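Since we're looking at a predicted model, the values are computed, not measured. Excluded from the calculations below are hydrogen atoms, water molecules and symmetry mates; all remaining heavy atoms, backbone and side chain alike, are included.
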Amino acid sequence: MSTQTKGPPRPTHLAGQRRSGAEALIEGLKAQGVEVLFGVTGGAIMPVYDALYREGSLRHIIVGHEQGAAHMADGYARVTGRPGVMLATSGPGATNLVTGLATAIMDSIPVVAITGQVPTGLIGNDAFQEADVRGITMPVTKHNYLLRRADELPCALAEAFHLARSGRPGPVLIDLPKDVSNAPTTAPCPRQVSLEGYKPRYEGHPQQIHKALKLLKSAERPVILAGGGVILAEASEELRQLAELLRLPVVSTLMGLGNFPIDHLLSLGMPGMHGTGYAIKALYHCDLMLCVGTRLDDRITGVLDEFAPWAKLIHIDVDPSEIGKTLPVCVPIVGDAKPILGALLQGARGWESQPDWSAWHQQLEAWRREYPLGYQEKSDTILPQQVVQEVDRLLDDEAILVSGVGQHQMWAAQYYTFRRPRSWLTSGGLGTMGYGLPAAIGAKLAAPQRQVVCIDGDGSFLMTIQELATAVRYRVPVVVAIVNNRCLGMVRQWQHLFFEDRFAETKLEPPPYDQVAQAFGALGRRVQRPEELRPALQWALRESEAQQLPVVLDILVDPAECVYPMVPAGQPNVNFLTGAEGA
Amino acid sequence: MEHLHPISAIVLNESGVLARIAGMFARRGFNIESLAVGPTEDARYSRMTLMVRGGDRILEQVVKQLSRLIEVIKVSDLATDPHVERELALVKVHAPPAQRSEIIELAGIFRAKIVDVGRKNLIIEVSGDSGKVRALIEMLRPFGIVELARTGRIILARGQQVTAGRSRPEAPQRRRSPEETEITTEVIVK
């Protein structure tokens, strides 16, 4: 698939042999099992690219903009569970990564960034393309390094990968001055990493697990709130078994979609601002909430005191600082979701009798009937929800769904049948518009055999549209279905509901994306009529694979459509609007 | 209830660590009243003593967020442990000959030292807990304080205890039913 020319084959360096910092970097990346890098070259990172060229075995994807590289590495990591790697030069190259790093840290995604830096002698002199990247990226990385000597490099790189993927995963950045890349070093690639100040705990404390089981057994209205941590910990199977054994209802957060089959009888769907009415009701009325790998962020809880006023919380998280951060917790369990859910499962198997939660289940069933997800079909215009449902119908179980940020993201979250982990890529925490296309490219490169569809918005798509060139250059067959309402829809929705229809700067009138796609060398088609939707999607899925090219469907939808249910900001979740209020 | 909590942290003695910690405090909106940093008995580490204002909930987050940083080795909140705390101040006070002996006498009461004598001024060095330092400063104020320099507080636990690294059970914070108070937050061990 690669169109890159490869350098002459060179023997790989033996550990500890004399080589340049840049060569030691490539050696270290290979030792970490890295297969593909995303980036853009530039002055300060040139020695690294030169070493990459001479070594010749690592695949590199040139992107249109470094933000694209960061999202591609992120998409790659979400699909594979392995750290994605991005390269950028000093100054603007590195600062362009910042949005991508912030996206990754908010969603706990393992990525490693290598940035060039001006030579050590120039640091602090406001040199050409100098930026204090270590300082700038401190708040958006789990950890970062500014290397001063080539001897530090092998160790720092091994630490970076260790930190990125262990404990609570996250982005790690290494800032590499040009003279450090060029300097010789004999420092070996370490086999093991030990950091005195970093000892993540995986196994839950047995006493806490015991307490959790006791609390669970005495509960009358229990709910599991399962987040993205379940996916990161590969704990979906344990979650399913626990839920099925005890008949525990499961609410999956936006980041957690796919951690539990959404069409399972026990699934209540997504909670929060645009969650299902029955998930919101269940969380409000529950007396026990088993939170696993979720930050309980403001979009989930809404007004804190009205979130789950009667509930005792059991909170499982590998990051102790997330426990008790927003809500008081009865039973905190620090550790990894997989062994802890496994231990809870084991404990629950030993119960002589199962608690009788049938009344609770009847209540949940009543809420399901009372607050179904739905919309009013129209004969002459396509509705965004229909786009999601058609995509859902046409994709197979292995497919990966990606989204940008905005209304389309919420419709995708509401109407797609998420069955498996690592098949839903979305910027949940940071809400990064423009995430979709590059993340989809990263996903497809990580899993070429899986279908990858990005449901995007016309606003989101425009923000990283340059990556179409990347997808064409490397012939990455992703399908982008743009839910085009010619406006920044989510803000428009708020303007409609809470700002008396004063549509300040939300009208976009974007260019014809089908033609833009064609100009980039991709395939494009505009879709306007409801009856055209399915054939167009079928065509896109077929032709992208047949021609090994990205396909853009510019689907014009009704701009007046709003996302419901919706909790108005600042209001308790239970005050959600269903859309039938005549608002 | 808001309190002033003494927090002691052992951190790697490397460049950028202070910036990382200060940045975390600023970003998360925690209030530092004072901060003192210096190398420990082992040159690889520095000890940071922070005085942090906030309720129990905030303090729990401060300790957890500090612990989260890779360069932070150990953290402890010393509020409930017996400890020795000291703070140092240098006070340049207006001291014309007529008032000089009175000021020297005052310094003597506080076991402060005169470390510089000029024609018009004295510099007084005082160390002790914050209350004592504050008290002397207030006593000197009427004479006219020309300049003042104060360090942050430094703290060590008394007796056998090691100041940072001994984790202690967190005080439970509840907004709900009283029966929950028996369940304490899990100890964070780093």
Report task. Kindly say whether A/Ile323 contributes a backbone atom to a donor-acceptor pair with the side chain of B/Lys64 at under 3.5 angstrom? Result ->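 It does hold such a pair.
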Query raised in the report: Counting N and O atoms only, with roles assigned by atom type, does the side chain of B/Arg57 sit under 3.5 Å from a partner on the main chain of A/Gly324, one being a donor and the other an acceptor?
Result: yes
Residues, nucleotides or ligands: over 12 heavy atoms within 6.0 Å of [X] [atom1]:
X: B/Glu138; atom1: CD; answer: yes
X: B/Leu122; atom1: CG; answer: yes
X: A/Gln207; atom1: CD; answer: no
X: B/Met24; atom1: CE; answer: yes
X: A/Asn125; atom1: CG; answer: yes
X: B/Arg111; atom1: CZ; answer: no
X: B/Glu33; atom1: CD; answer: yes

Working to the nearest 0.5 angstrom, can you tell me the gap between [X] [atom1] and [Y] [atom2]?
X: A/Lys199; Y: B/Ile73; atom1: NZ; atom2: CD1; value: 8.0 Å
X: A/Asn144; Y: B/Arg20; atom1: CG; atom2: CZ; value: 4.5 Å
X: B/Ile70; Y: A/Leu195; atom1: CD1; atom2: CG; value: 7.0 Å
X: B/Arg68; Y: A/Arg168; atom1: CZ; atom2: CZ; value: 5.0 Å

Query raised in the report: B/Arg28 versus A/Ser321: any side-chain heavy-atom pair under 4.5 Å?
Result: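 Side-chain contact under 4.5 Å: no.
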Query raised in the report: Do A/His143 and B/Glu71 touch side chain to side chain, with heavy atoms closer than 4.5 Å?
Result: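 Yes, close enough: below the 4.5 Å cut-off.
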Requested in this report: Below 4.5 Å from any heavy atom of chain B, which atoms of A/Leu146 appear? Answer side chain, backbone, both or neither.
Outcome: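 Looking at A/Leu146, nothing touches chain B.
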